[in-house]
Amino acid sequence: QNRLSTVSAAHLELTGESFDNTGGQIHADTLTVAMTGDLINAAITQADATLHGTILVYGTVADALKLSVLGGVDNRGGWVQ
């Protein structure tokens with residue numbers, strides 16, 4: 001889980017059953033996501049602020065972002081760039 005937190009790396013690989021990035025931030029030059037379950041990248045409202053789930057990949061090479069999610073993807077209010 002990466003709820004309301006930040007993960008930043010040059011090269012990042014996330015594998016597992018499910019991953020919850022609600023209100024969290026993932027920043028990488030290259031990112032591979034391989035989930036057998038769900039990927040949740042939703043927004044959450046706390047106090048007077050909306051925190052968006054954010055997946056940001058800076059790489060310009062082919063396949064800088066690889067997503068393989070066998071379950072569902074919940075990106076309500078989230079950003080993938």
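Between the NE2 atom in His11 and the OG1 atom in Thr30 there is a gap of 5.0 Å [rounded to 0.5 Å]. Here the CD-OG1 distance, from Gln25 to Thr6, works out to 4.5 Å after rounding to the nearest 0.5 Å. Remark: Ile26 CD1 to Phe19 CZ distance equals 4.5 Å, nearest 0.5 Å. Distance CG/Asn75 to CG/Leu39: 8.0 Å, rounded to 0.5 Å. The CD atom of Gln1 lies 5.0 Å from the CG atom of Asp20; values are rounded to the nearest 0.5 Å. To the nearest 0.5 Å, the span separating CG on Leu31 from CG on Leu67 amounts to 7.0 Å.
Residue Val33 forms a side-chain contact (heavy atoms from CB on, under 4.5 Å) with just one option from Asn21, Leu14, Ile55, and that option is Leu14.
Nearest heavy atoms, Met35 versus Glu17: CB-O, 3.8 Å. Residue Leu65 comes nearest to Val80 through the heavy atom pair CD2-CG1, 4.0 Å, listed as atom of the first residue, atom of the second, then distance. Considering every non-hydrogen atom in both Ser18 and Gly37, the closest pair reads OG-CA, 3.6 Å.
Note: the hydrophobic cluster containing Val7 also contains Val57 (ILVMFWY, side chain heavy atoms under 4.5 Å, direct or indirect links).
Side-chain atoms of Asn41 come within 3.5 Å of backbone atoms of Gly53 as a donor-acceptor pair (strictly under, hydrogens ignored). Side-chain atoms of Asp38 come within 3.5 Å of backbone atoms of Gly72 as a donor-acceptor pair (strictly under, hydrogens ignored). Within the 3.5 Å criterion, the main-chain N or O of Gly77 finds a donor-acceptor partner in the side chain of His52.
His27 and Tyr58 have perpendicular rings, their planes meeting at more than 60° on a 0 to 90° scale where under 30° would count as parallel.
Counting heavy atoms from C-beta on, the side chains of Ile44 and Leu4 come closer than 4.5 Å.
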